[in-house]
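Counting begins at 1 with the first residue of the sequence.
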Amino acid sequence: MYDVTVIGAGVVGALIARRLAAYDLRICIVDKENDVARGATAANSAIVHAGFDAKEGSMKARMNVRGSRMMEQVCAELGVSYKRNGSLVVAFEHERAEVEAIYRRGVQNGVEGLRIVEKEELFEMEPNLNPELSCALYAPTGAIVCPYGLTIAAVGNAMDNGAELVLNFEVVSIEKTAEGYTLTAADGRAVETRYLINSAGVYSDEIAKMLGDESFSVHPRRGEYMLLDKECGQTTTCTIFHTPTKMGKGVLVSPTVHGNLIVGPTATDMEDKTDTATTTEGFADIRAKAGDNVAGIPYGKVITSFCGLRSVGSTGDFIIKAENNAVLLGGIESPGLSSSPAIAEYVEELLRGMGLVLTPKADYNPNRAPMDAFRHMSVAEKNEMIQKDSRYGRIICRCEEVTEGEMVAAIHANPPAYDVDAVKRRTRGGMGRCQGGFCSPEVIRILAREWGVSYDAITKNGGGSYINKGRTKVAGGNKEGN
Ligand SMILES: Cc1cc2nc3c(=O)[nH]c(=O)nc-3n(C[C@H](O)[C@H](O)[C@H](O)COP(=O)(O)OP(=O)(O)OC[C@H]3O[C@@H](n4cnc5c(N)ncnc54)[C@H](O)[C@@H]3O)c2cc1C
C-alpha cells in the first residue's frame, strides 16, 4: 500500500511527487504512457510566464506568480535549463489601451518590474520586431525553461529519493476502500494507496468521474508550432507575445533554452483528446500572426513542427480540489508549466489538511546532476572524462554533439529510457537539424545493447511504434547486419 499515488507524470504530477519525496512516504507515480512527460508537458511554448495574463484573484494568477518566483531555484536544484530572458507583449498604436490594461492586471497580480516601453526603447531591445509596432509591456521576470527536461529531472529526483514510477499503467477504474483507493489499470494490474492525486491533464475529468466527481469537464485545445534551427535562435532575446485574445495568449516568437527559435501556437478547440496532428492551415495561421510581431522570420529554417493539447477546464480557472483523501487537478492549461512548483506546494498543504503526516526524510537530497553536464565542460574536463570512459569520446548525434557516454548514462538514470524518443528528450540526441536522420540507427543499437533486446524490439516511443521490421540484407560483410 502506497501512502500517495500520483496519476500522471506530466510536469505537475512530477513536481508534486518530487515535493512529497522529501517526506517519509511511500510514493507511486503512474502514467499510461511508456515514459514521463508525454502529455501537454511535451509540447508547449516552454515559457515561464511572469503572471500578468490571468484574471486578478484567480487560482491561475496566484499559482503563476508564485510558481514563476519558485522556478529558478527548482531548476537549479534539478540541473534543468532555465533562462530569465524577459517577455514583451507588443502592440500597434490602436492596441495601446490593451497593453495598459494588462500592465494594471499584472501589478494587481503582484508581478515585479513591469513597465510599458515605447517604440525607441522597444526597437533597441529587439531590432527584429515588426517596424509598425508602437509599444509593449515588458516583464523582466518572464523566463524560458525545458518543460520535459524539468519533468524528467523531477521524476528522477523523486525516484532517487525513493518514489516508484509505474509506466504503461492506464487507470481505467478507481475503487474506494476502507484505507484509501485501489486503482486498476487497463491490463488488470492494481495499485493500492491511502491518498490519491489526479494529475491526468486532459483526462483529469475522466479520472474525476471514476471518483464520482462530475462537477467539471476538460476539453482539448490544439496548439501547433514550428521550431527553427539554432541559426535563428538570436532573432529575439525576449519572448514576444501580441496582445491576447479570448482563445489565449496568441502566437509568440521566442528563443528556447536550447538556442532554437519557437513560433506558435495556434488555438483550435477539439473533441478528440488524442489528435496532435499539425496542419497546413495551422502553419499559415502562425505565419500570418507571427508576422505582426517579428519581421522576416526565416521559415526555410524550420527543422520540425509539433502540436500540444491544452486542457481547457469548464470553469475557466485551474480546478484544485481536495476531497476524501484525494486531490483533483483539472483545467491545468497555460500557465500550468509556470505554476507547477506552486501547485505542488499547494497540493502538499491540501494533503496535510486531509491528515497526511509529513515527516521530513533525514537523507532527502533535493539535487540532481544536469543531464547535459558533459556538453558544458571545458576541453580539459572533457578529455579527463574520455580518459575514464571512452564512450564520451564518441559523438553519436552530430547536430547536437551528443556522445555515446551521455546516452548510456541517460538510459540507466532515473527514470530509465527505453525508446528512441526517450533518449532524445533526455540528451537532445536527434533534436538537431537532421532530426535524427543520421543518429537514430546508432541510438537503436545502443538501446538494444543496453537493455539486452533485439534491434527490432526498440520502438520510437513505445506501444507499436516499431522502427525496424526486420533485416533486409547484410551490408558490407557486417555480420550483425546493423
Ligand atoms: C500549446 C500549449 C502551449 C502551452 N504553453 C505554456 C507555456 O508557455 N507556459 C506555461 O506555463 N504553460 C503552458 N502550457 C500549459 C502546460 O503545458 C500545461 O499546463 C502542463 O504541461 C500540464 O501538465 P500536467 O502534468 O497537468 O499535464 P500533462 O503533461 O498532460 O500530463 C498528464 C499525464 O497524465 C497521464 N494520464 C492521463 N490519463 C491517464 C490515465 N487514465 N492513467 C494514467 N495516466 C494518465 C498522461 O499520459 C500524461 O502523462 C501550454 C500548453 C499547451 C498545450
Undergrad: Just so I know, are the side chains of D35 and N461 near enough to count as touching, which here means a heavy-atom distance under 4.5 Å?
TA: no

Undergrad: Ring of Y346, cation from R62 - is the NZ or CZ under 6.0 Å from the centre and inside 45° of the axis?
TA: yes

Undergrad: Look up atom CD in E401 and atom CD1 in I395, then write down how far apart they are to the nearest 0.5 Å.
TA: 5.0 Å

Undergrad: Return yes when atom CD of E323 has more than 12 non-hydrogen atoms of other residues, nucleotides or ligands closer than 6.0 Å, and no otherwise.
TA: yes

Undergrad: Keeping the roles fixed (side chain from T278, backbone from C307), state whether a donor-acceptor pair exists under 3.5 Å.
TA: no

Undergrad: Is there side-chain contact between L25 and L358, with heavy atoms separated by less than 4.5 Å?
TA: yes

Undergrad: Is there a side-chain contact (heavy atoms from CB on, under 4.5 Å) between F52 and S87 once you walk through the steps?
TA: CA-CA 11 Å; F52 50 75; S87 67; 3.9 Å; yes

Undergrad: Got a donor-acceptor contact below 3.5 angstrom from the S45 side chain to the I47 backbone?
TA: no

Undergrad: Keeping Q435 on the side-chain end and G432 on the backbone end, is there a donor-acceptor pair under 3.5 Å?
TA: yes

Undergrad: D275 and E271: side-chain contact (heavy atoms from CB on, under 4.5 Å), yes or no, with the steps?
TA: CA-CA 9 Å; D275 186 351; E271 293 201 348; over 6 Å; no

Undergrad: For residues 195-203, tabulate all N or O donor-acceptor pairs below 3.5 Å that involve a side-chain atom, not counting sequence neighbours.
TA:
unit_1, atom_1, unit_2, atom_2, d
Y195, OH, M354, O, 3.0
Y195, OH, L356, N, 3.2
N198, OD1, A200, N, 3.3
N198, ND2, S204, O, 2.9
S199, OG, G13, N, 3.2
Y203, OH, K273, O, 3.4

Undergrad: If you measure from the Lys or Arg side-chain nitrogens to the Asp or Glu carboxylate oxygens, is any gap between K230 and E400 under 4.0 Å?
TA: yes

Undergrad: Measure the acute angle between the ring planes of Y392 and F374, then classify it against the limits of 30° and 60° as parallel, tilted or perpendicular.
TA: tilted

Undergrad: Can you find a pair of side-chain heavy atoms, one from I16 and one from V4, that are under 4.5 Å apart?
TA: no

Undergrad: Which atom pair, heavy atoms only, marks the closest approach of N260 to D229?
TA: ND2-C, 3.9 Å

Undergrad: Taking R221 first and then D269, would you say they form a salt bridge - that is, a charged N and a carboxylate O separated by under 4.0 Å?
TA: yes

Undergrad: Could you tell me the separation between the CE atom of M407 and the CD atom of E450, rounded to the nearest 0.5 Å?
TA: 12.0 Å

Undergrad: Take atom CZ in R398; do more than 12 heavy atoms of anything else shown fall under 6.0 Å from it?
TA: no

Undergrad: Just by distance, do the side chain of D187 and the backbone of R189 share a donor-acceptor pair under 3.5 Å?
TA: yes

Undergrad: Using the six-membered ring wherever Trp is involved, compare the ring planes of H49 and F241 and label them parallel, tilted or perpendicular (cut-offs 30° and 60°).
TA: tilted

Undergrad: Can you tell me how far CG of N64 sits from CG of N109, rounded to the nearest 0.5 angstrom?
TA: 8.0 Å

Undergrad: Before giving the answer on side-chain contact (heavy atoms from CB on, under 4.5 Å), spell out for S311 and I332 the whole-Å C-alpha distance, their side-chain angles and the decisive distance to 0.1 Å.
TA: CA-CA 6 Å; S311 291; I332 312 293; 5.6 Å; no

Undergrad: Set out, in order, the CA-CA distance, both residues' side-chain angles and the distance that settles side-chain contact (heavy atoms from CB on, under 4.5 Å) for R375 and V402, then state yes or no.
TA: CA-CA 8 Å; R375 200 164 317 154; V402 184; 3.8 Å; yes

Undergrad: Between A14 and T151, what is the shortest heavy-atom contact and its length?
TA: CB-CG2, 3.7 Å

Undergrad: Would a 4.5 Å heavy-atom cut-off, applied to side chains only, mark R425 and R38 as touching?
TA: yes

Undergrad: Is there a donor-acceptor contact under 3.5 Å from the side chain of S378 to the main chain of E381?
TA: yes

Undergrad: If you look at every heavy atom in P255 and G233, which pair is closest and at what distance?
TA: CB-O, 3.6 Å

Undergrad: Other residues, nucleotides and ligands only: do more than 12 of their heavy atoms fall within 6.0 Å of CD on E56?
TA: yes

Undergrad: On a heavy-atom basis, which atom in K55 and which in A61 lie closest, and how many Å separate them?
TA: O-CB, 3.4 Å

Undergrad: Any side-chain donor paired with an acceptor under 3.5 Å for R368 and N157?
TA: no

Undergrad: The test is side-chain hydrogen bond (donor to acceptor under 3.5 Å, both in side chains); show your working for T459 and Y418 and say whether it passes.
TA: CA-CA 8 Å; T459 62; Y418 297 106; over 6 Å; no

Undergrad: Measure across Y466 and A457 and return the closest heavy-atom pair with its distance rounded to 0.1 Å.
TA: CE2-O, 3.7 Å

Undergrad: Is it true that a side-chain atom of R18 and a backbone atom of P366 form a donor plus acceptor pair closer than 3.5 Å?
TA: yes

Undergrad: Would you mind reporting whether D421 and K424 have side-chain heavy atoms less than 4.5 Å apart?
TA: yes

Undergrad: Given 3.5 Å as the limit, does a donor-acceptor pair link the side chain of R69 with the main chain of A342, or not?
TA: no

Undergrad: Considering only NZ, NE, NH1 and NH2 on the basic side and carboxylate oxygens on the acidic side, decide whether K60 and D317 come within less than 4.0 Å.
TA: no

Undergrad: Tell me whether S465 contacts the main-chain N or O of K460 through its side chain, where contact means a donor paired with an acceptor under 3.5 Å.
TA: yes

Undergrad: Nearest 0.5 angstrom please: R115 CZ to L137 CG, how far?
TA: 10.0 Å

Undergrad: With a 6.0 Å cut-off (strictly less than), is the heavy-atom count around CD of Q73, excluding the residue itself, greater than 12?
TA: no

Undergrad: Under 6.0 Å from the CZ atom of R66, do we count more than 12 heavy atoms belonging to anything else shown?
TA: no

Undergrad: Test S254 against T239 for side-chain hydrogen bond (donor to acceptor under 3.5 Å, both in side chains), laying out the working first.
TA: CA-CA 4 Å; S254 180; T239 300; 2.8 Å; yes

Undergrad: I'd like to check V74 versus Y82 (side-chain heavy atoms, cut-off strictly below 4.5 Å). Are they in contact?
TA: no

Undergrad: Counting only N and O atoms by type, is there a donor-acceptor contact under 3.5 Å from the side chain of R310 to the main-chain atoms of N44?
TA: no

Undergrad: Heavy atoms, side chains only, cut-off 4.5 Å: are H258 and M431 in contact?
TA: no

Undergrad: Enter the distance from L150:CG to L15:CG here, rounded to the nearest 0.5 Å.
TA: 5.0 Å

Undergrad: Any cation-pi pair here, K176 with Y181, using under 6.0 Å and within 45°?
TA: yes

Undergrad: Do E442 and C397 have side chains that get closer than 4.5 Å, going by heavy atoms?
TA: no

Undergrad: Return the minimal non-hydrogen interatomic distance between D31 and A9, and the atom names on each side.
TA: OD2-N, 2.7 Å

Undergrad: Are the side chain of N161 and the backbone of A163 linked by a donor-acceptor contact shorter than 3.5 Å?
TA: no

Undergrad: Listing request: all salt bridge (Lys or Arg N to Asp or Glu O under 4.0 Å) pairs with a residue in residues 146-164, at least two apart in sequence or in separate chains.
TA: R26-E164

Undergrad: Report the distance from atom OG1 of T141 to atom CD of E72, rounding to the nearest 0.5 Å.
TA: 11.0 Å

Undergrad: What's the verdict on side-chain hydrogen bond (donor to acceptor under 3.5 Å, both in side chains) for D213 and S215, showing C-alpha distance, side-chain angles and the deciding distance?
TA: CA-CA 6 Å; D213 186 328; S215 64; 2.5 Å; yes

